[in-house]
Amino acid sequence: MVKYFLGQSVLRSSWDQVFAAFWQRYPNPYSKHVLTEDIVHREVTPDQKLLSRRLLTKTNRMPRWAERLFPANVAHSVYILEDSIVDPQNQTMTTFTWNINHARLMVVEERCVYCVNPDNSGWTEIRREAWVSSSLFGVSRAVQEFGLARFKSNVTKTMKGFEYILAKLQGEAPSKTLVETAKEAKEKAKETALAATEKAKDLANKAATKQQQQQLV
């Protein structure tokens, strides 16, 4: 049995802009789990299509019970192959990705098609399919459910990362990430607490001085 996902997203940028951002989307604040990216093969076909294969290394924390099945030094690393076909004439880009290790535990295969949005030529539509499977006897259903939930979460991060890079390439000020906002709020809270502490000390010192003066009188 295989878990299947079908989704559609829209980026409010032209296909050319999305195509350019695709190759520059790492690193971004939403992809800290992506450690490395390497081009394994690239060629231009006689019909002017660009074919590429890249190897990505990511950290994807497994469930605790699954970590016991793998050595500690490899349990948190997953290697992803990404094949892509770019057709500039028809303005389409198709990508295929799948993991090449931990395949016995779980395999996640994804197919994405980037094309011009039919309702707005200045936008780009992403049609996404994914298949999550597991051959782990006895717990395959649980693994597939976990994999599908993780995949949906990663799709959200992928889209936010894309929007961040697109804004950066277009010279716009990208919106702050939740982490950055939380960090700023924490720092501001520290500054406020410190100022309040100093003010309290100052008031306490003034009160003590006034009390001593009254006692002398």
Side-chain angles (χ1 to χ4, degrees), residues 1-11 13-28 30-60 62 74 76-118 123-135 143-144 146-166 169:
M1 185 176 176
V2 176
K3 290 292 182 181
Y4 176 70
F5 173 87
L6 175 63
Q8 184 172 304
S9 306
V10 173
L11 290 169
S13 299
S14 69
W15 185 87
D16 289 338
Q17 292 170 328
V18 171
F19 168 65
F22 178 81
W23 306 107
Q24 303 178 58
R25 69 189 191 279
Y26 303 128
N28 70 69
Y30 301 94
S31 66
K32 294 180 180 179
H33 62 293
V34 180
L35 303 178
T36 63
E37 53 175 332
D38 298 284
I39 298 174
V40 179
H41 176 76
R42 178 163 285 172
E43 69 171 295
V44 178
T45 64
D47 57 350
Q48 299 304 303
K49 293 179 182 177
L50 175 65
L51 308 182
S52 302
R53 168 167 285 188
R54 299 198 300 169
L55 176 65
L56 306 175
T57 306
K58 300 182 180 181
T59 58
N60 253 341
M62 300 178 184
V74 299
H76 303 304
S77 298
V78 59
Y79 300 105
I80 308 292
L81 274 182
E82 174 195 88
D83 285 352
S84 59
I85 304 171
V86 180
D87 184 348
Q89 183 175 355
N90 295 311
Q91 291 190 306
T92 63
M93 176 170 61
T94 305
T95 64
F96 305 89
T97 60
W98 67 98
N99 59 296
I100 56 177
N101 65 331
H102 304 327
R104 179 171 173 266
L105 174 65
M106 180 171 59
V107 175
V108 180
E109 301 170 282
E110 179 190 47
R111 179 178 184 269
C112 291
V113 178
Y114 299 75
C115 58
V116 177
N117 182 270
W123 293 358
T124 303
E125 184 174 292
I126 305 175
R127 301 168 188 169
R128 191 185 311 269
E129 291 181 281
W131 298 263
V132 181
S133 59
S134 173
S135 59
V143 172
Q144 289 169 7
F146 171 82
L148 184 60
R150 170 72 61 80
F151 178 83
K152 290 179 180 179
S153 174
N154 286 343
V155 168
T156 301
K157 293 178 183 177
T158 296
M159 295 304 296
K160 287 183 177 295
F162 239 129
E163 291 168 355
Y164 179 91
I165 294 300
L166 282 165
L169 291 177

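Residue numbers count from 1 along this sequence. Quantities reported herein were computed from a predicted structural model and do not represent experimental measurements.
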Exercise. Please say whether more than 12 non-hydrogen atoms of neighbouring residues, nucleotides or ligands are located less than 6.0 Å from OH in Tyr26.
Key: yes

Self-check item: Gln89 atom CD, over 12 foreign heavy atoms within 6.0 Å
Solution: no

For [X] and [Y], which heavy atoms make the closest approach, and how far apart are they?
{"X": "Ile39", "Y": "Arg42", "answer": "CD1-NH1, 3.5 Å"}
{"X": "Val10", "Y": "Met159", "answer": "O-CE, 4.4 Å"}
{"X": "Ile85", "Y": "Lys49", "answer": "CG2-CD, 4.3 Å"}
{"X": "Gly161", "Y": "Asn28", "answer": "CA-OD1, 3.5 Å"}
{"X": "Tyr30", "Y": "Lys157", "answer": "CB-O, 3.5 Å"}
{"X": "Ile165", "Y": "Ala21", "answer": "CG2-CB, 4.0 Å"}

For the residue pair [X] and [Y], establish whether any side-chain heavy-atom pair is separated by less than 4.5 Å.
{"X": "Leu148", "Y": "Phe5", "value": "yes"}
{"X": "Thr97", "Y": "Leu81", "value": "no"}
{"X": "Glu110", "Y": "Phe151", "value": "yes"}
{"X": "Ser52", "Y": "Trp23", "value": "yes"}
{"X": "Glu163", "Y": "Leu11", "value": "yes"}

Give a yes or no answer on whether the side chain of [X] reaches the backbone of [Y] with a donor-acceptor pair at less than 3.5 Å.
{"X": "Thr158", "Y": "Asn154", "value": "yes"}
{"X": "Ser135", "Y": "Arg104", "value": "yes"}
{"X": "Thr124", "Y": "Ser13", "value": "yes"}
{"X": "Ser134", "Y": "Leu105", "value": "yes"}
{"X": "Thr59", "Y": "Ser77", "value": "no"}

Quiz prompt | Partner set under salt bridge (charged side-chain N to carboxylate O under 4.0 Å, His left out) for Asp38, not counting sequence neighbours | solution = none

Exercise. Please work out whether the ring planes of Trp15 and Phe19 are parallel, tilted or perpendicular, with thresholds of 30° and 60°.
Key: parallel

Exercise. Specify whether Tyr114 and Phe22 have parallel, tilted or perpendicular ring planes, treating 30° as the upper limit for parallel and 60° as the lower limit for perpendicular.
Key: perpendicular

Give, for atom [atom1] of [X] and atom [atom2] of [Y], the distance between the pair rounded to the nearest 0.5 Å.
{"X": "Glu125", "Y": "Ser9", "atom1": "CD", "atom2": "OG", "value": "9.0 Å"}
{"X": "Gln24", "Y": "Leu169", "atom1": "CD", "atom2": "CG", "value": "5.0 Å"}
{"X": "Arg111", "Y": "Glu129", "atom1": "CZ", "atom2": "CD", "value": "6.0 Å"}
{"X": "Cys115", "Y": "Asn90", "atom1": "SG", "atom2": "CG", "value": "11.0 Å"}
{"X": "Ser133", "Y": "Lys3", "atom1": "OG", "atom2": "NZ", "value": "12.5 Å"}
{"X": "Leu56", "Y": "Ser31", "atom1": "CG", "atom2": "OG", "value": "10.5 Å"}

Practice problem: Could you list the residues that satisfy side chain to side chain donor-acceptor pair (under 3.5 Å) with Thr36, not counting sequence neighbours? | Solution: Thr57

Practice problem: Verify whether one side chain among Asp16 and Ser14 offers a donor that lies under 3.5 Å from an acceptor in the other. | Solution: no

Exercise. Could you go through the side chain to side chain contact (heavy atoms under 4.5 Å, CB included) check for Leu55 and Ile100 one step at a time?
Key: CA-CA 10 Å; Leu55 176 65; Ile100 56 177; 4.1 Å; yes

Practice problem: If a pair satisfies salt bridge (charged side-chain N to carboxylate O under 4.0 Å, His left out) and one of its residues is in residues 83-93, list it, with sequence neighbours excluded. | Solution: Arg53-Asp83

